[in-house]
Amino acid sequence: EAGVAQSPRYKIIEKRQSVAFWCNPISGHATLYWYQQILGQGPKLLIQFQNNGVVDDSQLPKDRFSAERLKGVDSTLKIQPAKLEDSAVYLCASTYGTGSYEQYFGPGTRLTVT
Amino acid sequence: ILNVEQSPQSLHVQEGDSTNFTCSFPSSNFYALHWYRWETAKSPEALFVMTLNGDEKKKGRISATLNTKEGYSYLYIKGSQPEDSATYLCAFENQGGKLIFGQGTELSVKP
(Lines give C-alpha, C1' and ligand atoms only; values in the text may rest on other atoms or scores of the structure.)
Protein backbone atom coordinates (compact mmCIF):
# COMPACT_ATOMS: atom_id res chain seq x y z
CA GLU A 1 0.00 0.00 0.00
CA ALA A 2 1.45 3.37 -1.00
CA GLY A 3 1.86 5.85 1.84
CA VAL A 4 0.86 9.48 2.12
CA ALA A 5 2.75 11.54 -0.45
CA GLN A 6 3.72 15.17 0.02
CA SER A 7 5.58 17.66 -2.12
CA PRO A 8 7.79 19.54 -2.10
CA ARG A 9 9.94 18.12 0.71
CA TYR A 10 11.76 21.41 1.29
CA LYS A 11 10.95 25.01 0.40
CA ILE A 12 12.75 28.26 1.13
CA ILE A 13 10.93 31.52 0.43
CA GLU A 14 11.18 35.14 1.45
CA LYS A 15 8.59 36.72 3.72
CA ARG A 16 5.53 38.08 1.92
CA GLN A 17 5.91 35.46 -0.83
CA SER A 18 3.33 32.75 -1.46
CA VAL A 19 3.78 29.01 -1.21
CA ALA A 20 1.67 25.91 -1.78
CA PHE A 21 2.02 22.36 -0.52
CA TRP A 22 0.45 19.26 -1.99
CA CYS A 23 -0.73 16.05 -0.33
CA ASN A 24 -1.99 12.76 -1.75
CA PRO A 25 -3.48 10.58 0.99
CA ILE A 26 -3.68 6.81 1.12
CA SER A 27 -6.29 5.50 -1.32
CA GLY A 28 -9.67 5.09 0.33
CA HIS A 29 -8.91 7.31 3.31
CA ALA A 30 -11.80 9.73 3.69
CA THR A 31 -10.25 11.91 6.39
CA LEU A 32 -7.30 14.18 5.69
CA TYR A 33 -5.42 16.43 8.11
CA TRP A 34 -2.87 19.23 7.79
CA TYR A 35 -0.60 19.85 10.78
CA GLN A 36 2.00 22.53 11.47
CA GLN A 37 5.01 21.50 13.55
CA ILE A 38 7.16 24.35 14.77
CA LEU A 39 10.63 23.42 16.05
CA GLY A 40 10.45 22.32 19.69
CA GLN A 41 6.67 21.91 19.66
CA GLY A 42 4.30 19.09 18.85
CA PRO A 43 2.31 19.04 15.61
CA LYS A 44 -0.71 21.35 15.74
CA LEU A 45 -3.83 20.63 13.69
CA LEU A 46 -4.54 23.30 11.09
CA ILE A 47 -7.46 21.75 9.23
CA GLN A 48 -9.36 18.46 8.97
CA PHE A 49 -11.30 17.33 5.90
CA GLN A 50 -13.88 14.56 5.72
CA ASN A 51 -14.05 13.74 2.00
CA ASN A 52 -14.18 17.24 0.47
CA GLY A 53 -15.85 18.97 3.43
CA VAL A 54 -14.10 20.86 6.22
CA VAL A 55 -14.66 19.33 9.67
CA ASP A 56 -12.39 21.55 11.76
CA ASP A 57 -10.43 24.64 10.72
CA SER A 58 -10.57 26.42 14.06
CA GLN A 59 -6.77 26.79 14.28
CA LEU A 60 -6.16 27.79 10.65
CA PRO A 61 -5.02 31.43 10.35
CA LYS A 62 -7.55 32.21 7.69
CA ASP A 63 -6.17 35.65 6.86
CA ARG A 64 -3.16 33.99 5.20
CA PHE A 65 -3.71 30.22 5.09
CA SER A 66 -6.14 28.38 2.84
CA ALA A 67 -6.68 24.72 2.06
CA GLU A 68 -8.84 22.76 -0.30
CA ARG A 69 -9.68 19.17 -1.15
CA LEU A 70 -11.90 19.66 -4.16
CA LYS A 71 -12.46 16.07 -5.28
CA GLY A 72 -12.14 14.48 -1.86
CA VAL A 73 -8.71 13.02 -2.63
CA ASP A 74 -5.65 15.30 -3.07
CA SER A 75 -5.32 18.44 -1.00
CA THR A 76 -3.36 21.67 -1.22
CA LEU A 77 -2.40 24.04 1.58
CA LYS A 78 -1.46 27.60 0.64
CA ILE A 79 0.15 30.42 2.58
CA GLN A 80 -0.18 33.93 1.17
CA PRO A 81 1.69 36.02 2.22
CA ALA A 82 4.19 34.09 4.33
CA LYS A 83 5.60 35.42 7.60
CA LEU A 84 8.81 34.46 9.39
CA GLU A 85 6.81 32.60 12.06
CA ASP A 86 5.39 30.27 9.40
CA SER A 87 8.75 28.46 9.27
CA ALA A 88 7.82 24.92 10.26
CA VAL A 89 7.27 21.38 9.01
CA TYR A 90 3.85 20.96 7.41
CA LEU A 91 2.58 17.42 7.82
CA CYS A 92 -0.29 15.80 5.99
CA ALA A 93 -2.01 12.75 7.46
CA SER A 94 -4.91 10.57 6.45
CA THR A 95 -7.08 7.98 8.12
CA TYR A 96 -9.86 5.65 7.18
CA GLY A 97 -12.22 7.15 9.74
CA THR A 98 -12.17 8.97 13.05
CA GLY A 99 -12.09 7.56 16.55
CA SER A 100 -8.97 5.66 17.65
CA TYR A 101 -7.87 4.97 14.08
CA GLU A 102 -4.17 5.38 13.32
CA GLN A 103 -3.34 8.49 11.38
CA TYR A 104 -0.85 7.80 8.58
CA PHE A 105 1.56 10.67 8.01
CA GLY A 106 3.47 11.86 5.01
CA PRO A 107 7.15 12.89 5.29
CA GLY A 108 6.25 16.56 5.61
CA THR A 109 7.34 19.74 3.87
CA ARG A 110 10.00 21.77 5.70
CA LEU A 111 9.32 25.46 5.04
CA THR A 112 11.89 28.14 5.80
CA VAL A 113 10.76 31.76 5.52
CA THR A 114 13.64 34.26 5.40
CA ILE B 1 -6.82 24.73 26.11
CA LEU B 2 -5.65 21.17 26.71
CA ASN B 3 -2.03 20.50 27.61
CA VAL B 4 -0.24 17.31 26.70
CA GLU B 5 3.17 17.23 28.32
CA GLN B 6 6.03 14.88 27.61
CA SER B 7 9.16 14.34 29.66
CA PRO B 8 12.02 14.39 29.36
CA GLN B 9 12.42 16.68 26.34
CA SER B 10 15.59 14.86 25.32
CA LEU B 11 17.45 11.78 26.40
CA HIS B 12 20.90 10.44 25.57
CA VAL B 13 21.56 6.78 26.39
CA GLN B 14 24.12 4.12 25.54
CA GLU B 15 23.32 1.13 23.39
CA GLY B 16 21.82 -1.60 25.56
CA ASP B 17 20.33 0.77 28.14
CA SER B 18 16.62 0.53 28.88
CA THR B 19 14.71 3.78 29.02
CA ASN B 20 11.24 5.20 29.50
CA PHE B 21 9.35 8.40 28.75
CA THR B 22 6.23 9.94 30.20
CA CYS B 23 3.20 11.51 28.56
CA SER B 24 0.68 13.33 30.76
CA PHE B 25 -2.70 14.42 29.48
CA PRO B 26 -6.10 15.65 30.71
CA SER B 27 -8.16 12.88 32.32
CA SER B 28 -11.46 14.33 31.08
CA ASN B 29 -12.96 13.95 27.60
CA PHE B 30 -10.52 11.09 26.90
CA TYR B 31 -11.01 8.84 23.89
CA ALA B 32 -7.58 7.41 23.01
CA LEU B 33 -3.86 7.90 23.48
CA HIS B 34 -1.52 7.55 20.51
CA TRP B 35 2.26 7.05 20.43
CA TYR B 36 4.30 7.85 17.31
CA ARG B 37 7.97 7.50 16.42
CA TRP B 38 9.41 10.17 14.11
CA GLU B 39 12.84 9.58 12.62
CA THR B 40 14.63 12.49 10.98
CA ALA B 41 13.59 13.03 7.33
CA LYS B 42 10.95 10.30 7.55
CA SER B 43 7.20 10.15 8.21
CA PRO B 44 5.94 9.83 11.78
CA GLU B 45 5.09 6.16 12.32
CA ALA B 46 2.30 4.96 14.59
CA LEU B 47 3.46 2.73 17.43
CA PHE B 48 0.37 2.26 19.59
CA VAL B 49 -3.23 3.40 19.98
CA MET B 50 -4.60 2.76 23.46
CA THR B 51 -8.13 3.33 24.66
CA LEU B 52 -8.72 1.44 27.92
CA ASN B 53 -7.46 2.30 31.39
CA GLY B 54 -4.78 -0.22 32.33
CA ASP B 55 -4.01 -1.06 28.69
CA GLU B 56 -0.55 -2.40 28.01
CA LYS B 57 0.75 -2.81 24.46
CA LYS B 58 4.00 -4.26 23.17
CA LYS B 59 5.82 -4.21 19.84
CA GLY B 60 9.20 -5.93 19.96
CA ARG B 61 11.37 -4.13 22.52
CA ILE B 62 8.92 -1.24 22.90
CA SER B 63 5.94 -1.29 25.24
CA ALA B 64 3.46 1.24 26.59
CA THR B 65 1.05 1.53 29.49
CA LEU B 66 -1.98 3.72 30.00
CA ASN B 67 -3.61 5.23 33.10
CA THR B 68 -6.62 7.29 32.08
CA LYS B 69 -7.77 8.03 35.63
CA GLU B 70 -4.61 9.91 36.52
CA GLY B 71 -3.82 11.00 32.96
CA TYR B 72 -0.48 9.46 32.07
CA SER B 73 1.14 6.96 29.75
CA TYR B 74 4.62 5.48 29.84
CA LEU B 75 6.63 4.29 26.84
CA TYR B 76 9.42 1.80 27.59
CA ILE B 77 12.29 0.74 25.34
CA LYS B 78 14.22 -2.32 26.48
CA GLY B 79 17.85 -2.64 25.37
CA SER B 80 18.01 0.54 23.27
CA GLN B 81 19.65 0.30 19.85
CA PRO B 82 21.05 3.13 17.69
CA GLU B 83 18.13 2.63 15.27
CA ASP B 84 15.76 3.59 18.11
CA SER B 85 17.09 7.15 17.87
CA ALA B 86 14.08 9.30 17.01
CA THR B 87 11.54 11.72 18.45
CA TYR B 88 8.72 9.95 20.28
CA LEU B 89 5.42 11.81 20.19
CA CYS B 90 2.30 11.12 22.20
CA ALA B 91 -1.11 12.47 21.23
CA PHE B 92 -4.31 12.72 23.25
CA GLU B 93 -7.44 12.05 21.22
CA ASN B 94 -10.59 13.68 22.59
CA GLN B 95 -14.18 12.53 22.20
CA GLY B 96 -14.44 14.62 19.05
CA GLY B 97 -11.62 12.70 17.36
CA LYS B 98 -9.09 15.54 17.52
CA LEU B 99 -5.44 14.71 18.27
CA ILE B 100 -3.48 17.04 20.57
CA PHE B 101 0.22 16.29 20.50
CA GLY B 102 2.88 16.67 23.15
CA GLN B 103 6.15 18.34 22.24
CA GLY B 104 7.96 15.01 21.95
CA THR B 105 10.92 13.29 23.59
CA GLU B 106 14.06 13.22 21.46
CA LEU B 107 16.00 10.00 22.05
CA SER B 108 19.62 9.56 21.01
CA VAL B 109 21.21 6.12 21.40
CA LYS B 110 24.99 6.02 21.13
CA PRO B 111 26.76 2.82 20.04
Using a cut-off of 6.0 Å, state whether more than 12 heavy atoms not belonging to A:K62 lie near its atom NZ.
-> yes
If you measure from NZ on B:K98 to CG on A:L45, what distance do you get to the nearest 0.5 Å?
-> 5.5 Å
Above 12 or not: heavy atoms from other molecules or residues under 6.0 Å from CZ of A:R110?
-> no
Which heavy atom in A:G40 sits nearest to a heavy atom in B:Q103, and how many Å separate them?
-> O-CB, 3.7 Å
Quick one: does A:Y33's side chain have a donor or acceptor within less than 3.5 Å of a partner on B:L99's backbone?
-> no
Between A:V4 and chain B, which part of the residue has a heavy atom less than 4.5 Å away: side chain, backbone, both or neither?
-> neither
Does NZ in B:K69 sit with more than 12 non-hydrogen atoms of other residues, nucleotides or ligands closer than 6.0 Å?
-> no
Nearest heavy-atom neighbours spanning B:S43 and A:G106 = OG-C, 3.1 Å
Hey, does A:Q103 have a side-chain heavy atom less than 4.5 Å from the side chain of B:Y36?
-> yes
Side chain, backbone, both or neither: which part of B:F48 has a non-hydrogen atom closer than 4.5 Å to chain A?
-> neither
Residue B:E106 excluded, over 12 heavy atoms near CD under 6.0 Å = no
Under a single-linkage definition using a 4.5 Å side-chain heavy-atom cutoff for Ile, Leu, Val, Met, Phe, Trp and Tyr, are B:Y76 and B:L11 assigned to the same hydrophobic cluster?
-> no
Cluster question for you: counting only ILVMFWY and a side-chain heavy-atom cut-off of under 4.5 Å, with indirect links fine, are A:V19 and A:I38 together?
-> no
Non-hydrogen atoms of chain B under 4.5 Å away: do they reach the side chain of A:R9, the backbone, both or neither?
-> side chain
CD on B:E45 to OH on A:Y104, rounded to 0.5 Å | 10.5 Å
For B:W38 and A:Q37 the tightest heavy-atom approach is CH2-OE1, 3.4 Å
Check the surroundings of atom CD in A:Q80: do more than 12 heavy atoms from other residues, nucleotides or ligands lie under 6.0 Å from it?
-> no
Looking only at non-hydrogen atoms, find the nearest pair between B:A41 and A:Y10 and report the distance.
-> CB-OH, 4.5 Å
Step through the shown structure and confirm whether more than 12 heavy atoms of other residues, nucleotides or ligands are within 6.0 Å of CG on A:L39.
-> no
